[in-house]
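Reviewing the structure listed below.
For the numbers below, each heavy atom of this structure counts, side chains included, while hydrogens, waters and symmetry mates do not. For clarity, every value in this text was computed on a predicted model and none was experimentally measured. When a residue number appears, it is its place in the shown sequence, counting from 1.
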Amino acid sequence: FGKLIEYKASMNTKDYALESASIKKLANYLGIDNLYLMAKTHEYKAKTGDSVYVIDHFKEYEDEIMKSIQIIKDYTE
């Protein structure tokens with residue numbers, strides 16, 4: 001997740017899209033639908049260079065990632 005923040009800060013949309021694709025694949029595998037959809041959208045927006053969308057919606061994406069991490073932690077403990 002740290003790399004995603006780094007890529008957003010530097011507006012490295014190519015690697016941001018790749019990192020979002022990885023999150024999308026993992027979320028799909030784990031059945032975390034909301035995170036899957038958000039990651040898919042962020043991947044697409046980064047690929048198309050829509051940095052305004054990435055910046056404007058990053059907080060909700062971050063919150064969903066953190067929520068999903070907590071769910072996984074709770075489940076595996």
Side-chain angles (χ1 to χ4, degrees):
F1 175 66
K3 289 185 185 252
L4 194 67
I5 294 170
E6 177 186 325
Y7 299 146
K8 177 193 148 270
S10 65
M11 290 317 313
N12 179 347
T13 55
K14 178 183 174 192
D15 289 329
Y16 184 94
L18 290 172
E19 193 69 19
S20 288
S22 295
I23 292 169
K24 176 186 75 175
K25 289 175 187 173
L26 181 60
N28 188 43
Y29 176 76
L30 295 173
I32 306 171
D33 297 333
N34 199 34
L35 180 58
Y36 167 80
L37 293 172
M38 284 184 150
K40 182 178 178 180
T41 302
H42 275 260
E43 175 191 14
Y44 174 76
K45 295 295 187 177
K47 280 183 178 178
T48 59
D50 190 349
S51 57
V52 172
Y53 180 90
V54 169
I55 292 167
D56 288 350
H57 294 90
F58 187 78
K59 178 66 175 143
E60 62 189 290
Y61 188 29
E62 178 183 30
D63 290 346
E64 191 63 31
I65 291 169
M66 299 310 290
K67 177 180 148 189
S68 299
I69 288 171
Q70 189 58 50
I71 290 169
I72 293 165
K73 282 182 180 179
D74 291 347
Y75 181 76
T76 58
E77 290 180 346

Legend entry - Residues that D56 engages under salt bridge (charged side-chain N to carboxylate O under 4.0 Å, His left out), provided they are two or more places apart: none

Inset, instruction - Check salt bridge (charged side-chain N to carboxylate O under 4.0 Å, His left out) between K8 and all other residues, then give those that pass, not counting sequence neighbours. - result: none

If the condition is side-chain hydrogen bond (donor to acceptor under 3.5 Å, both in side chains), which residues does [X] pass it with, not counting sequence neighbours?
X: E77; result: none
X: K73; result: none
X: D74; result: Q70
X: K14; result: none

Inset, instruction - Supply the atom-to-atom distance E19 CD to H42 NE2, rounded to the nearest 0.5 angstrom. - result: 13.5 Å

Legend entry - Nearest-0.5 Å distance that lies between atom CD in E6 and atom CG in N12: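 The CG atom of N12 is 8.0 Å from CD of E6, to the nearest 0.5 Å.
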
Legend entry - Shortest non-hydrogen separation from S20 to A39 and the atoms involved: O-CB, 3.6 Å

Inset, instruction - Give every residue pair that meets the salt bridge (Lys or Arg N to Asp or Glu O under 4.0 Å) criterion with at least one member in residues 27-38, sequence neighbours excluded. - result: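 Of all non-adjacent pairs touching residues 27-38, none passes salt bridge (Lys or Arg N to Asp or Glu O under 4.0 Å).
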
Inset, instruction - Among residues two or more places apart or on two chains, list those pairs meeting salt bridge (Lys or Arg N to Asp or Glu O under 4.0 Å) that have a residue in residues 37-48. - result: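 Output for this query lists K24-E43, E43-K47, K45-D50.
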
Inset, instruction - Show which residues join L4 in its hydrophobic cluster (side-chain heavy-atom contacts under 4.5 Å, direct or indirect), or state none. - result: F1, I5, Y7, Y16, I23, L26, Y29, L30, I32, L35, M38, V54, F58, Y61, I65, M66, I69, I72

Legend entry - Results of side chain to side chain contact (heavy atoms under 4.5 Å, CB included) for K67 - residues two or more places apart only: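 With neighbours one apart ignored, the set is E64, I71.
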
Legend entry - Which residues share a ring pair (Phe, Tyr, Trp, His ring centres under 6.0 Å) with Y44, sequence neighbours left out: none

